[in-house]
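Data block below; observations after.
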Amino acid sequence: MSSRRDPVSAWLFILPATLLLAVFVIYPILNLAWVSFHDWNILKDEMRFVGLANYRAVVSDGDFRGALGTTVLYVVTTVPIGMAISLALALLLDDRLRAAGLFRTIVFTPVVTSSVAAGIVFVWMLNEDRGVVNAALRWVGLPGPPWLQSTTWALPSVVVMTLWKQAGYNMVLFLAGLQGIPATYYEAAAIDGARPGWQTFRHVTWPQLWPTTFFVLVVSSIQAFRAFEPMYVMTRGGPVGSTTTLVYYIFDKAFRFGNMGQAAAVSVLMLVVVLAVTWLQFRSQERETTGGLG
Amino acid sequence: MCRVRRVAGGGSRLVAAAAIALTAVACRGASGRDGVTVVTFWHGMESGVNNRVLETKIGEFNRAHPSIRVEAQVYGAADQLGPKLDAAVAGRTPPDLLWWAPAFFPKYASAGVLRPIDDFVRDDETFDRGDVYDYLWAAGTYKGRLYVTPFSANNLAVYYNRRLFSEAGLTRVPGTWEEFAAAARALTRGGVAGFQIPIGSAEWTVWIWQCFLWQANGELVSPDGRAAFSSEAGVAALDFWRSLLASGAARFSETDAGYKTDDFLAGRVAMVINGPWNYAALRAQRHVEVGAFPLPRRDRAATNIGGESLFLFRSTPERERAAWEFMKFVMGPAFQVDWAIDTGYLPVSKAAASSERYRAYLAEHPFLRVYSDQMAAGRTRPSLPEYPALSATLGKYLEAAMYDKYSSREALARAAADVDRLLTPR
């Protein structure tokens, strides 16, 4: 290969991408770690080195543990439920339905809607007195809670909005995966006596779709860990911190309490958590692949 | 808005080139070739009526000052400005002038990003410092230097729905906490709540709660700079709100948006605490006949003086001078009378307040007279760089107490411990 003989031109080819990554990803991450060891007010230039004090302060903060718990709850609800919905939609709209194109467009629309606009509409719909959700509940004789002002219902409300917003995106990924499965596999399964429906899905579609499913799992998990916009628009992390996720906590620490050092420390911890989760997912993927062949 | 270039100064050439390319189209230069000095002015006026009045007044200023162009930009809700402003300051792109509550300026003054204005005030012969109320100058002073000038004044009082009052058989407005609670209970019926608690953890909640703290003879911060709200007065103030809620005579506002008048104008609540600045909008609607009365008292009458000031950010001498011209224009009696009459804000100029036109206007508008008279009982928030963080901390625990996560005593004790950590130098 010419690239082995000529490393200079190889480097030249990857230089633009490397440069962009270095400036916009690697440098900010290193800078973040640097800030996390300092006491720093964003408005001033001077920084005071404080060692691990920011980490100690954060870990002993009950609000941080609360935010961590909320984030985990948000991830383990939005990711599996979201993936199930997207997969079901993809199976349904995999060109077997009449006007599948129209339905695909409808399901995809929330993805291209701005989070802010969608959030505002959800806030209206979930309003205790004037919202359409409680109006519908009253109509069937049920009392509606003050969704976004209840420490019980605020997080589920945000989860529902997230599910609605993301279903279409993952559906498209699943659709692409489904259409990549060769028809011959289904023919072979039919000849072997597999009934269409569950048996075919279990033995052909699911294993063949696994690379897509895995990709969606990893990307959705990372996205869910980084959730901020829905909380910012719908609840501002409240009430009483019940929808404060890690990123929201970072935002609050940095911009409401002016403590950049502690905010950076949480960001570093979060990076570690996300890396660990992704690593675990890849580990289990290796097992799944080997096990799947058996 | 040409300062994008400066952001790129610390980054790579590539970024700088891209940034310049992207902004070149919209960018005509902060002090353009035409010799006009552009002054960017951020404000957060949410009322449509007030926005139109402001636009008109800025137009007047620009026409009268051909070498200056004030360009207004709306930043949205004032309670959510902190993050935007901090990011802008850190990115070295703050506005020239900012319209915000004076309680927030010491943070920026202590960071050295505001331009002190003592020299302008002292040396400008066309400006009469004595015409502006002293308490406003005091609210704009930090460590002996003057940083901000008042734009308009206000305070907090209670809006009430006159029809609901007469339907509930109430013939006079309540004066004390007991009378207020009794009125709230009497007004609560048929899906209407007597009072709306400004729930949330943002400044709006904290600002209003301070009035009740003061009414019970409490203080927010002690003279030696420590949290003073964790006191019998603080507990009484918080318990008062909680008892109104527990008795069913009050309900929550939209979280962090107690300043919105929607529920009040829809007739769902009979009393809300709010300021005079909505007066123009209140008069323009036909749903509710609105009255106002002073905040109820316990040991004493007290309200929180608000109003926004103009913060001047450091830039070039030319732009700072141009911005001062606008600050001076705003404080002038001509602007102040028009502004007060068109919006409901209270004037900051003595000449404006005592002008024939404004006094005649007040006589015809008892709603505004309530606010004007209440200035005597007004107090202001402390001038501390830590005030934004103090407010966020106290707000967090006030909300938690309203949701029964803590008793009033415990919530305030925890808030005080956190605030003391903020206030004591590390």
Side-chain angles (χ1 to χ4, degrees), chain A residues 16 19-20 22-24 27-28 31 35 39-46 48 50 53 57 61-63 66 116 123-124 126-131 146-152 154 232-244 248 250-261 263, chain B residues 11-12 14-15 79-91 94 107-114 191 193 199-203 251-257 262-263 266 268-269 385-386 388-393 395-406 414 418 421-422 426:
Chain A
L19 216 59
L20 283 174
V23 170
F24 291 107
Y27 166 72
N31 192 38
V35 170
D39 182 24
W40 178 44
N41 168 346
I42 188 172
L43 299 178
K44 296 178 186 171
D45 288 333
E46 80 256 20
R48 197 165 58 87
V50 293
D61 181 2
D63 290 347
V116 176
V123 169
W124 284 342
L126 294 170
N127 183 287
E128 188 181 3
D129 311 303
R130 288 164 279 157
W147 299 97
L148 299 176
Q149 292 195 310
S150 147
T151 48
T152 313
Y232 183 75
V233 181
M234 289 175 72
T235 59
R236 297 212 189 279
V240 203
S242 58
T243 54
T244 297
Y248 201 90
I250 292 167
F251 169 78
D252 243 14
K253 271 276 176 236
F255 292 107
R256 282 190 73 207
F257 295 93
N259 199 326
M260 287 291 154
Chain B
S12 74
L14 187 75
V15 185
D79 273 7
Q80 309 300 334
L81 173 65
K84 296 175 202 172
L85 184 63
D86 286 4
V89 170
K107 172 178 166 184
Y108 301 93
S110 79
V113 294
L114 293 185
I199 194 64
S201 57
E203 170 64 6
R251 52 182 293 171
F252 283 160
S253 70
E254 194 181 314
T255 301
D256 286 346
D262 309 8
D263 283 324
R268 289 193 177 86
V269 284
E386 297 85 3
L390 183 161
S391 165
T393 306
K396 186 177 94 174
Y397 287 104
L398 290 179
E399 186 189 42
M402 292 309 299
Y403 272 86
D404 289 331
K405 298 283 172 197
Y406 302 115
R414 282 172 182 261
D418 284 6
R421 265 196 297 282
L422 288 171
R426 276 162 290 188

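So that the names make sense, note that chain A is the first sequence line, chain B the second, and so on, each numbered from 1.
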- Message: So which atom in B:A87 and which in A:F255 form the shortest heavy-atom distance, rounded to 0.1 Å?
- Response: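 The answer is N-CE2, 4.5 Å.
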
- Item | Test log, rule side chain to side chain contact (heavy atoms under 4.5 Å, CB included), inputs B:Y403 and A:Q149 | CA-CA 10 Å; B:Y403 272 86; A:Q149 292 195 310; 3.6 Å; yes

- Message: Need one label for B:I199: side chain, backbone, both or neither, based on atoms under 4.5 Å from any heavy atom in chain A.
- Response: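 Interface part for B:I199: side chain.
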
- Atom group of B:D86 that falls short of 4.5 Å from chain A, counting heavy atoms: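 The answer is both parts of B:D86.
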
Does any heavy atom of chain B fall under 4.5 Å from the side chain of [X], the backbone, both, or neither of them?
{"X": "A:F251", "result": "side chain"}
{"X": "A:D45", "result": "side chain"}
{"X": "A:D63", "result": "side chain"}

- Message: Suppose we screen for side chain to side chain contact (heavy atoms under 4.5 Å, CB included). Which residues come up paired with B:A90, at least two apart in sequence or across chains?
- Response: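 Once residues adjacent in sequence are excluded, the partners of B:A90 under the side chain to side chain contact (heavy atoms under 4.5 Å, CB included) criterion are A:I42.
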
- NZ/NE/NH1/NH2 to OD/OE distance under 4.0 Å, B:R251 and A:D129: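 Here B:R251 pairs with A:D129 in a salt bridge, since their nearest N and O are under 4.0 Å apart.
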
- Using atom types as modelled and distance alone, determine if a side-chain donor or acceptor of B:E254 lies under 3.5 Å from a backbone N or O of A:N127.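 It does not hold such a pair.
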
- Message: At a heavy-atom distance under 4.5 Å, which candidate from B:S201, B:A266, B:A202 has the highest pair count against chain A?
- Response: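 Answer, by heavy-atom pair count under 4.5 Å with chain A: B:S201.
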
- Find the one option among B:K396, B:Q80, B:M402 whose heavy-atom pairs under 4.5 Å with chain A are most numerous.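 If we count pairs closer than 4.5 Å to chain A, B:Q80 comes out on top.
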
- Message: B:K107 vs A:L43, test: side chain to side chain contact (heavy atoms under 4.5 Å, CB included). Steps then yes/no.
- Response: CA-CA 9 Å; B:K107 172 178 166 184; A:L43 299 178; 3.7 Å; yes

